[in-house]
There are 2 protein chains.
Amino acid sequence: MATSTVEDYIKQIYLEQIDSIDGFVTMGRVAISLGVVPGTATTMVKSLADSELVNYEPRVGVRLTEAGEELAIQMLRRHRLIELFLVETLGLDWSEIHEEAEKLEHAISDRVLEQMDTLLGHPKVDPHGDPIPSESGNLSNELLMNLGNCILNQPLNIARITDQSSEFLQFVNKSGLMPGVELTVLKRESAADAITLHLSNGMSLVVGTLAGEKILVE
Amino acid sequence: MATSTVEDYIKQIYLEQIDSIDGFVTMGRVAISLGVVPGTATTMVKSLADSELVNYEPRVGVRLTEAGEELAIQMLRRHRLIELFLVETLGLDWSEIHEEAEKLEHAISDRVLEQMDTLLGHPKVDPHGDPIPSESGNLSNELLMNLGNCILNQPLNIARITDQSSEFLQFVNKSGLMPGVELTVLKRESAADAITLHLSNGMSLVVGTLAGEKILVE
DNA sequence: ATATAAAGTTTGATTATTCAAAATACCTGT
DNA sequence: ACAGGTATTTTGAATAATCAAACTTTATAT
């Protein structure tokens, strides 16, 4: 059985792999996303390679194997279902659930997980708008526009928030930019690094490009 | 912070301490209840003593300190609240929740725990009838009779099942001996090592003394 | 009182995970 | 082509938890 550390590495590598160009994740990225020093990442990745969960090319990077990807998607399903459960059933705030789910995803049995899934009515997205993989591992991955590249002056719906840090989610909450909210992008000024928005509730606000790119719309 | 292993040792020592004569738990008991070899128990207990969670007397045994007892009661609260939550909210069967709670009690935050407590209406007993310590650590510990020492021919209510093994709970389930059920003890034959019961649903059955002593009534 | 058994402790090793710091490889710009 | 810089890997050491097996105490039984 995979230890909780192994599960963390695999999930994180999967997430990094998604937005990598060549499908390889560098040791530097692995180290940063797991909060360890580079040497630790190298050591650990080599041991993941021994367990056939990743392919490791020295001085190039890692890539998940079939088995690794399966495990990663399973962890993602756990994580997101738990997040939704914490919000829906236990009434926690969506900006405080990430860390919580991070711990619980290693402790909950399949039995309990499927019970949660049933109770929630087999949901498709978590509170951040991230898709929940199905039990068989399917992940609907239509690609969404973000506030930095979507059409201007057109009503759009917020679908997903891709930064799960508590700080960012609290900002999102305060500004009323939760998934489901309707908005229009009025203008983008690259020199000012700013995006001007108009919310359906009448509020207008300006966000930086970096922040805007973390908010996906459809 | 206490590791999950430390939490397990402390909880188990607490449980053993309750039914010990002199308040000391031997290394043998510690080893058995944690499923490790005796040498491991000795080593670990010495390290618990370093953290001031127990007092350890070589060749005599361990006893929890104030701090240790506090931690133990907190773990018991977690364990029992989680068990009840799994049954009430997730609809799991009470005979299959012990292992589950054993894992979750280390992973759940105080925040989530108190939310569960609120949702369940600050319950006083878990699905096995075991008392749930209050947030401040109070544990109602009235002493109950069991089927091996209670009055005969007197209607009584099952209050608590003290063996949490899946095997025993399934037997309890099948025989209709769950907490809350009313019964009468008809006779006890020490030679036959048998206790004859009559349930309020009309069923009669015979259990061994050892099994009967695991069923508490009031 | 002494041999034996039972319980507890010690010692030496192992596994998983991590870090610090030294060593190595790979680029990149001139 | 080479000097520097950056990324990566290696090495050596640490911590937490465990086991097997040798050893020591303590209690028991004749």
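Keep in mind that this is a model prediction, so the values were computed, not measured. Letters A, B, ... are given to chains in the order of the sequence lines, protein chains preceding strands, and every chain is numbered from 1.
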Requested in this report: Quick one: pull up CG in D22(B) and CD in Q17(B) and give me the separation to the nearest 0.5 Å.
Outcome: 9.5 Å
Report task. Report the nucleotide, chosen from dT9(D), dA20(C), dT26(D), that has the shortest atom-to-atom distance to any side-chain atom of M27(A). Result -> dT9(D)
Query raised in the report: Hey, what do you get for CG (L156(A)) to CG (L147(A)), rounding to the nearest 0.5 Å?
Result: 8.5 Å
**Report entry** Under-3.5 Å donor-acceptor pair between R59(B) side chain and dT25(D) base
**Finding:** no
Query raised in the report: Is there a side-chain polar atom (N or O) of K46(B) under 4.0 Å from OP1 or OP2 of dT9(C)?
Result: no
Report task. Determine: side-chain N/O of Y56(B) to OP1/OP2 of dG8(C), distance under 4.0 Å, yes or no. Result -> no
Query raised in the report: Contact class for G39(A) vs. all strands (heavy atom < 4.0 Å): base, sugar-phosphate, or nothing?
Result: base
Requested in this report: Report the distance from atom CG of L34(B) to atom C1' of dA17(D), rounded to the nearest whole Å.
Outcome: 12 Å
Query raised in the report: Is it true that the side chains of Q12(A) and S33(A) contain a donor and an acceptor less than 3.5 Å apart?
Result: no
Query raised in the report: Roughly how many Å is it from CD1 in I10(A) to P in dA16(C), rounded to a whole number?
Result: 15 Å
Query raised in the report: So which nucleotide from dA7(C), dT18(C), dA17(D) ends up closest to the side chain of T5(B)?
Result: dA17(D)
**Report entry** Nearest-0.5 Å distance that lies between atom OH in Y14(A) and atom CG in L64(A)
**Finding:** 8.5 Å
Query - N or O in side chain of T40(B) less than 4.0 angstrom from dC19(D) OP1/OP2 - result: yes
Report task. Answer yes when R78(A) and D110(A) have at least one side-chain N-carboxylate O distance shorter than 4.0 Å, and no when they do not. Result -> yes
Requested in this report: Consider the side chain of Y9(A), meaning its heavy atoms from C-beta on, and name the nucleotide among dT18(C), dT18(D), dT26(D) that approaches it most closely.
Outcome: dT18(C)
Query raised in the report: Which part of the nucleic acid does S47(A) contact within heavy-atom distance under 4.0 Å: base, sugar-phosphate only, or nothing?
Result: nothing
Query raised in the report: Is the distance from OP1 or OP2 of dT9(C) to the nearest side-chain N or O of T42(B) less than 4.0 Å?
Result: yes
Query - dA16(D) phosphate, OP1 or OP2, under 4.0 Å from T3(B) side-chain N/O - result: no
Query - Interatomic distance where CD1 belongs to I32(B) and C1' belongs to dA6(C) [whole Å] - result: 12 Å
Query raised in the report: Between S4(B) and G61(A), which has a closest nucleotide on DNA chain D that is more 5'?
Result: G61(A)
Query raised in the report: Given that E57(B) and V6(A) both sit by DNA chain C, which one's nearest nucleotide is further toward the 5' end?
Result: E57(B)
**Report entry** Among dA16(D), dT10(C), dT18(C), the one nearest T43(B) by side-chain distance
**Finding:** dT10(C)
Report task. Send over the distance from D50(B) CG to dT15(D) C1', rounded to a whole Å. Result -> 14 Å
